[in-house]
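From a predicted model like this one, the values you see are computed outputs, not experimental measurements. Below, chains carry the letters A, B, ... as their sequence lines are ordered, and counting in each starts from 1.
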There are 2 protein chains.
Amino acid sequence: MTRKRFDDMGCSVACALNEVGDWWSLLVVKQAMLGTRRFVDFQHSLGIAKNILCNRLSRLVDNGVMVRVDVGEHGKRYEYRLTDKGRDLFTVVTALRQWSERWNGEKDTMQLVDRQTGKPLAPVAVQNQQGQTLTVRDVRFVDEDGKPLEEAG
Amino acid sequence: MTRKRFDDMGCSVACALNEVGDWWSLLVVKQAMLGTRRFVDFQHSLGIAKNILCNRLSRLVDNGVMVRVDVGEHGKRYEYRLTDKGRDLFTVVTALRQWSERWNGEKDTMQLVDRQTGKPLAPVAVQNQQGQTLTVRDVRFVDEDGKPLEEAG
DNA sequence: CTTATTTGGTTTCTTAATGCAACCATTCTG
DNA sequence: CAGAATGGTTGCATTAAGAAACCAAATAAG
């Protein structure tokens, strides 16, 4: 059977997971954010099988998350770079990283700091328009008419 | 061959993906944030096969993201509820939802608003300690000694 | 109280995805 | 030119996913 499609469930989250929701895609994006661009470098840094990497890179390119740039002088030698869409996943990757560090402990010797100040980042949080942090209990899920759907819990 | 393990790669992101990195887990969490608690309700709202749902719920419980609460009066009748760890994924789910809406258009009739004001949420963003928004180019990746690793791209 | 239905699974079977290793054409390097 | 590296593709074995059938306990209907 074909894997279930997530892009027609009428849900933005499902649609996002359809593009980057598998085991490897977000790790490839994360690695690209660290500066990795070449096929072999992704392969070695992630320890991913070549055919899987090949498949994931193709899908990321198809979905506009990365681009394949020909950097060979006479022929084929490629770099995979993040697009604006791909770089915009920085929020998602960082939120995921911080969540893991908060609940599973520091598995990573690496740290992210503000390039200007050298200080660690603030925790990524959902905020209202005044900049106040909101939990899932502080929001309401409404339809297009503004009617509430269900209660969060 | 067994699926690659992500929890011993020395990467927090990989560790997070080991828990919620598959196609269904985050959707189950998202649905729980909408208020869904019962097995059949997850099944119908997500359109997921029963054995897969069973497996995902077990894994989420094992990882401390959800708890199974016995609500039967004399015997077994269960509810699955988010733990604090699970509710803390709100940031990740919201960031993913906003990313998808920004780049793939509104696939969702549902909207999230501040329960107090009724107004839409601010975009989830990575910020420094002064509250300024940072892109991936504004951060540096350093090791435990503060030495820079590679350049982001 | 008895029967029907719902709930929360498990089992079986088929198809798809993953991982590993081998192979291959082109392209740099020495 | 020889040899290594790059960026794949192919084949095979194992695992996961999806659909449907089946099932025991618990609840609802009458």
With sequence neighbours left out, which residue pairs that include part of residues 23-35 of chain A fulfil the salt bridge (Lys or Arg N to Asp or Glu O under 4.0 Å) condition?
-> none
With sequence neighbours left out, which residue pairs that include part of residues 118-139 of chain A fulfil the ring-ring contact (aromatic ring centres under 6.0 Å, His included) condition?
-> none
First of A:E79 and B:I48 reached from the 5' end of DNA chain D, by closest nucleotide = A:E79
Tell me, which pairs form a salt bridge (Lys or Arg N to Asp or Glu O under 4.0 Å) where one or both residues lie in residues 119-133 of chain A, sequence neighbours left out?
-> none
Do you know which of A:T94, A:V92, A:L112 makes side-chain contact (heavy atoms from CB on, under 4.5 Å) with B:V126?
-> A:T94
Identify which nucleotide among C:dC28, C:dA17, C:dG8 has an atom closest to any side-chain atom of A:R3, counting heavy atoms from C-beta outward.
-> C:dA17
Heavy atom of residues 49-62 of chain A under 4.0 Å from DNA chain D: which residues?
-> A:K50, A:N51, A:C54
Quick one: side chain to side chain contact (heavy atoms under 4.5 Å, CB included) partners of B:E144, sequence neighbours excluded?
-> A:T109
Nucleotide nearest A:K4 when distance is taken to its side chain, options D:dG18, C:dG9, C:dT6 = D:dG18
Angle, rounded to 10°, between the helical axes spanning five pairs at each terminus of the helix from C:dC1-D:dG30 to C:dG30-D:dC1?
-> 30°
To the nearest angstrom, how far is A:R77 atom CZ from C:dT27 atom C1'?
-> 5 Å
Can you tell me how far P of D:dG7 sits from CZ of A:F39, to the nearest Å?
-> 8 Å
Interatomic distance, A:D70 CG vs D:dT6 P [rounded to whole Å] | 16 Å
When we call it a touch if two heavy atoms are under 4.0 Å apart, what does A:Y80 touch: a base, just sugar-phosphate, or nothing?
-> sugar-phosphate
Any A:R38 side-chain nitrogen or oxygen under 4.0 Å from OP1 or OP2 of D:dG7 | yes
Send over the distance from A:F6 CZ to C:dA17 P, rounded to a whole Å.
-> 12 Å
Could you tell me the separation between the OH atom of A:Y78 and the C1' atom of D:dA5, rounded to a whole number of Å?
-> 15 Å
Name all residues meeting the side chain to side chain contact (heavy atoms under 4.5 Å, CB included) criterion together with B:N55; count only those two or more places apart in sequence or in a different chain, and write none if there are none.
-> B:R59
Side chains of residues 39-49 of chain B: which donor-acceptor partners sit under 3.5 Å, not counting sequence neighbours?
{"residue": "B:H44", "atom": "ND1", "partner": "B:V40", "partner atom": "O", "Å": "3.1"}
{"residue": "B:S45", "atom": "OG", "partner": "B:D41", "partner atom": "O", "Å": "2.7"}
{"residue": "B:S45", "atom": "OG", "partner": "B:F42", "partner atom": "O", "Å": "3.3"}

Is A:V113 isolated, or which residues cluster with it under the ILVMFWY side-chain rule of less than 4.5 Å, directly or via members?
-> B:V142
Starting at CD of A:Q31, measure out to CG of A:L82 and round the result to the nearest 0.5 Å.
-> 11.0 Å
Would you indicate whether B:Q129, at its atom CD, is surrounded by more than 12 heavy atoms from other residues, nucleotides or ligands within a distance under 6.0 Å?
-> yes
Go through residues 12-25 of chain A and report each residue with a non-hydrogen atom lying under 4.0 Å from DNA chain C, sorted by number.
-> A:W24
Would one find a side-chain N or O of B:R68 under 4.0 angstrom from OP1 or OP2 of C:dG9?
-> yes
Where at least one partner belongs to residues 10-33 of chain B, residue pairs that pass ring-ring contact (aromatic ring centres under 6.0 Å, His included), sequence neighbours excluded | A:F6-B:W24
Between C:dG8 atom C1' and B:R37 atom CZ, what is the distance in whole Å?
-> 18 Å
By side chain to side chain contact (heavy atoms under 4.5 Å, CB included), B:K85 pairs with (sequence neighbours left out) A:W99, A:W103, A:N104, B:E19, B:V65, B:T83
